[in-house]
Amino acid sequence: MTFPELLPGGTPALLAVTVSVFILAGVVKGVVGLGLPTISMAMLALVMAPAQAAALLIVPSLVTNLWQARPWTTLPQVLRRIGAMQAGVCAGTIGGALWLGPPSGHWASVCLGLALVAYAAWGLFGSPPRAPQRHQGLAGAA
């Protein structure tokens, strides 16, 4: 496989930046346990469209999340606990995409930036969400 087939329309510099971003994000996820999507999207959006950055993020996120799901013997219990929440996330993502349409242009970058700033501010200054005991099973917290 030649380089043009590996990264259509890209340059060796873009490939180097992309690989470097994923290495940095992977190190952060390895140390902290989270942050791969946040760091990758923020840094890749500096050199490419947010939709393209999100497409590149699918495989690394899936692989690292599956790796963190180990040990496999406890996976059915975990899926029972968070299944309803994950179904809601999928339904909300599909519904939002159908309602809002595909992200494109300058506003996609602006909205991504605002979302990342809000996420960082909530992480620094916000309090963790709390669900009443009776709702924790539905929220995936129990």
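Values reported hereafter were calculated over all heavy atoms of this structure, with side chains retained and with hydrogens, waters and symmetry mates removed.
Applying the side chain to side chain donor-acceptor pair (under 3.5 Å) test to pairs two or more places apart or on separate chains, none has a residue in residues 33-48. Each side chain to side chain donor-acceptor pair (under 3.5 Å) pair with one or both residues in residues 22-31, not counting sequence neighbours, appears once here: Lys29-Thr64, Lys29-Asn65, Lys29-Gln68. Within the structure, side chain to side chain donor-acceptor pair (under 3.5 Å) pairs that include any residue of residues 87-97 do not occur (at least two apart or interchain).
Under a 4.5 Å side-chain heavy-atom criterion applied to ILVMFWY residues, the cluster that includes Leu124 comprises Phe125 as well. Cluster partners of Trp72, by chain and number: Leu62, Leu66, Leu75, Leu79. The rule joins Ile, Leu, Val, Met, Phe, Trp and Tyr whenever side-chain heavy atoms lie under 4.5 Å apart.
For the atom pair Ile39 CD1 and Leu34 CG, the distance stands at 8.5 Å (nearest 0.5 Å).
Residues that satisfy the side chain to side chain contact (heavy atoms under 4.5 Å, CB included) test with Val117, not counting sequence neighbours, are absent from this structure. Partners of Val59 under the side chain to side chain contact (heavy atoms under 4.5 Å, CB included) rule, at least two apart in sequence or in another chain, are Val63. For Pro76, the side chain to side chain contact (heavy atoms under 4.5 Å, CB included) partners two or more places apart in sequence, or in a different chain, are Arg80. Here Ala53 pairs with Met41, Leu44, Met48 under the side chain to side chain contact (heavy atoms under 4.5 Å, CB included) rule; sequence neighbours left out.
Under the 4.5 Å side-chain contact rule for hydrophobic residues, Trp122 and Leu112 do not share a cluster. In the hydrophobic clustering of this structure, Val32 groups with Val21; members are Ile, Leu, Val, Met, Phe, Trp, Tyr whose side-chain heavy atoms approach within less than 4.5 Å, directly or through other members.
Looking at heavy atoms from C-beta onward, Leu36 lies out of side-chain contact with Val28 at the 4.5 angstrom threshold.
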